[in-house]
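What follows is a single structure, written as structure tokens, with notes after it.
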Amino acid sequence: MAAEREFDLVLWGASGFTGVLVAEALQRRASEDGVRWALGGRNEKKLSGVREAIAAPELPIVIGDGDDAASLKALAERTRVVCTTVGPYAKYGSKLVAACVAAGTDYCDLTGEVHWIRRMIDAHETQARASGARIVPTCGFDSIPSDLGVFAVQREMRARHGAPSAHIQCGVADFRGGMSGGTIASMLDMLETAERDPSIRRVMANPYSLDPEGRAPGPDGRDALSPQYAEAFAQWTAPFVMAGINTRVVRRSNALQDDAYGRDFRYEEFMLTGDGPAGAARAWGIAGGMGVGMGALSVGPLRRLATRWLPEPGDGPTPEQQERGFWELRFHAAAPDGAPPLCATFRGDRDPGYGSTSKMLAESALSLAVDPPLVEGGFWTPASGLGEPLFQRLVTHAGLSFEVDA
């Protein structure tokens with residue numbers, strides 16, 4: 001962890017739609033933890049407006065240029081933690097990661113861009129270990145609910161049976177709230193990059209693409225793209241658009257925790273659509289719509305045409321819509337020695353793309369700034385790098401609840 005500096009935490013990109021929500025969450029929580037924090041970005045006028053909006057007139061402002069390495073170096077050297085909402089990260093995040101790694105500054109973000117995370121690991125893992133910088137991507141809806149949900153299920157499984165589950169399935173049971181403009185922008189950027197570079201498609205397709213280099217792959221195959229019937233849930237399932245990042249983060253967590261879930265651990269993730277003919281019809285409808293949509297977005301001219309109607313970064317729901325939103329994930333974990341399976345439910349009390357995500361990122365940043373470190377420098381997942389302290393923060397302060405079914 002970085003030595004004593006001017007700030008404990010800088011929120012970078014604080015004037016964007018998601019950045020303002022994270023700033024609100026930090027303003028509610030940072031004083032409880034005694035955290036010295038600041039708003040960061042390019043535009044002082046906009047940042048001053050954020051400061052007024054969250055009723056924090058004395059909060060410091062840090063101005064910088066996200067495309068200038070020297071500016072980002074100065075930013076990283078002033079703070080112990082950088083929390084950034086500026087995406088797509090493959091376009092706007094690489095220089096900031098490099099600056100944090102060089103300065104030994106801890107870092108967290110909201111990325112779901114598998115190819116970019118892989119590139120950052122390959123480029124900076126060795127230096128991050130040397131400098132002590134803990135780099136923790138994927139600290140929003142992708143992929144905290146999946147990653148810490150599995151973490152909590154395995155904790156309960158070991159408490160009950162003395163061994164982890166070798167196979168966990170996660171079903172997205174329900175949610176309310178649209179996908180964020182930033183998530184869509186990241187997805188479009190990934191598709192555009194993959195169109196130019198076939199190696200990116202291979203990274204995105206590899207179920208173990210985020211595992212440490214040289215590690216032999218486990219038993220999981222590619223994510224299902226068609227409807228299937230899940231006996232564990234007695235429901236039909238459809239592909240879940242975020243499974244492509246969530247499953248890989250969960251598998252990396254297992255690898256980074258020295259196979260705490262088992263060397264042959266399997267993890268699957270999908271949407272639950274219900275039972276009977278109605279559930280099957282819904283599953284086929286979702287899968288068909290995703291197939292057509294992703295196929296169209298993979299074609300350059302169609303992708304550029306579609307951007308006229310898709311939400312843009314900075315677009316988002318009203319506060320009332322965020323409060324009415326929610327998400328719910330259900331886990332089914334096979335137990336050892338023929339024991340009954342363990343089932344659990346993980347819920348969030350706001351829309352997944354903004355209201356809940358902003359609180360998850362804020363608590364991740366505070367955990368890096370305040371909680372005793374569990375790991376040394378390197379690239380970590382939420383479960384492997386922040387683990388139980390972050391889980392407790394989320395259920396205490398971020399509106400998340402985890403329940404094991406009786």
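Across all non-hydrogen atoms, the minimal contact from N43 to K46 is OD1-N, 2.9 Å. Heavy atoms only, all atoms of each residue included: Y208 and P219 are closest at OH-N, 3.2 Å. Residues V150 and I168 share a closest heavy-atom pair of CG1-CD1, 3.9 Å. Between V22 and C83, the shortest heavy-atom contact is CG1-SG, 4.4 Å. Nearest heavy-atom pair across L39 and A14 is CD2-CB, 3.7 Å. The minimum heavy-atom distance between P382 and V249, with the atom names listed, is CD-CG1, 4.4 Å.
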(request) Check the pair C343 / V404 against side chain to side chain contact (heavy atoms under 4.5 Å, CB included), numbers first and verdict last. (result) CA-CA 6 Å; C343 299; V404 177; over 6 Å; no

(request) Apply salt bridge (charged side-chain N to carboxylate O under 4.0 Å, His left out) to the pair K73 and E77, showing each step before the final yes or no. (result) CA-CA 6 Å; K73 177 178 182 292; E77 290 176 348; 2.8 Å; yes

(request) Give the C-alpha distance, both sets of side-chain angles, the deciding distance and a yes or no for salt bridge (charged side-chain N to carboxylate O under 4.0 Å, His left out) between R158 and E156. (result) CA-CA 5 Å; R158 284 190 291 266; E156 186 68 21; over 6 Å; no

(request) Before giving the answer on side chain to side chain contact (heavy atoms under 4.5 Å, CB included), spell out for W37 and V10 the whole-Å C-alpha distance, their side-chain angles and the decisive distance to 0.1 Å. (result) CA-CA 6 Å; W37 71 291; V10 170; over 6 Å; no

(request) Starting from the C-alpha separation in whole Å, work towards a yes-or-no answer on side chain to side chain contact (heavy atoms under 4.5 Å, CB included) for I61 and V50. (result) CA-CA 10 Å; I61 287 176; V50 174; over 6 Å; no

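Salt bridge annotation for R176-D351: absent, with no cationic side-chain nitrogen under 4.0 angstrom from a carboxylate oxygen. Electrostatic pairing of R266 and E268 counts as a salt bridge here, judged by a charged N lying under 4.0 Å from a carboxylate O. E125 and R129 are joined by a salt bridge, as a carboxylate oxygen and a charged side-chain nitrogen come within less than 4.0 angstrom of each other. Note on K359 versus E363: no salt bridge recorded, every NZ/NE/NH1/NH2 to OD/OE distance being 4.0 Å or above. Taking 4.0 Å as the cut-off between side-chain N and carboxylate O, D371 and R393 count as a salt-bridged pair. Salt bridge annotation for E58-R51: absent, with no cationic side-chain nitrogen under 4.0 angstrom from a carboxylate oxygen. Comment: D65 does not engage K95 in a salt bridge, judged by the lack of any side-chain N to carboxylate O separation of less than 4.0 angstrom. Looking at R215 and E213, no side-chain N of the basic residue comes within less than 4.0 Å of a carboxylate O on the acidic one, giving no salt bridge.
Surrounding CD of Q392 are more than 12 heavy atoms belonging to other residues, nucleotides or ligands, all under 6.0 Å away.
Judged purely by atom type and a 3.5 angstrom limit, D8 has no side-chain atom pairing as donor or acceptor with the backbone of A369. Side chain of T357 to backbone of P352: a donor-acceptor contact under 3.5 angstrom is found. Side-chain atoms of S358 come within 3.5 Å of backbone atoms of G355 as a donor-acceptor pair (strictly under, hydrogens ignored). The closest donor-acceptor contact from the side chain of Y261 to the backbone of A255 lies at 3.5 Å or more, if one exists at all. Without hydrogens or angle criteria, T237 side chain to L272 main chain gives no donor-acceptor distance under 3.5 Å. Distance alone, capped at 3.5 Å, places no donor-acceptor pair between the R350 side chain and the S356 backbone. At distances below 3.5 Å, not a single donor-acceptor pair connects side-chain atoms of R134 with backbone N or O atoms of L386. For R248 (side chain) and M204 (main-chain N/O), a donor-acceptor pair under 3.5 Å exists by modelled atom type. With hydrogens and angles ignored, the 3.5 Å screen pairs no side-chain donor or acceptor of N246 with any backbone N or O of S146. T273 contributes no side-chain N or O that, together with a main-chain N or O of R282, makes up a donor-acceptor pair within less than 3.5 Å.
Partners of A166 according to the side chain to side chain contact (heavy atoms under 4.5 Å, CB included) rule, which considers only residues two or more places apart in sequence or in another chain, do not exist here.
The one candidate from E6, R78, E44 that meets the side-chain contact (heavy atoms from CB on, under 4.5 Å) condition with V62 is R78. When each of L110, L361, V86 is checked for a side-chain contact (heavy atoms from CB on, under 4.5 Å) with T18, only L110 meets the rule. Each of L210, V97, I117 was compared with F379 under the side-chain contact (heavy atoms from CB on, under 4.5 Å) criterion, and only V97 meets it. Each of W116, W12, Y107 was compared with Y89 under the ring-ring contact (aromatic ring centres under 6.0 Å, His included) criterion, and only W116 meets it.
Relative to the six-membered ring of F7, R36 misses at least one condition, a distance below 6.0 Å or an angle of at most 45° to the axis. Relative to the six-membered ring of F391, R155 meets both conditions, a distance below 6.0 Å and an angle of at most 45° to the axis.
Using a 4.5 Å heavy-atom cutoff, the side chains of F233 and F270 are in contact. A 4.5 Å side-chain heavy-atom check between C139 and I144 finds at least one atom pair inside the cut-off.
Side-chain polar atoms of S253 and T381 form a donor-acceptor pair below 3.5 angstrom. A donor atom on one side chain and an acceptor atom on the other are found under 3.5 Å apart for R5 and T105. Side-chain atoms of Y267 and E269 form a donor-acceptor pair, as typed in the model, at a separation below 3.5 Å.
The aromatic ring centroids of F326 and F175 lie 6.0 Å or more from each other. Centroid-to-centroid, the aromatic rings of F402 and F346 come within less than 6.0 Å.
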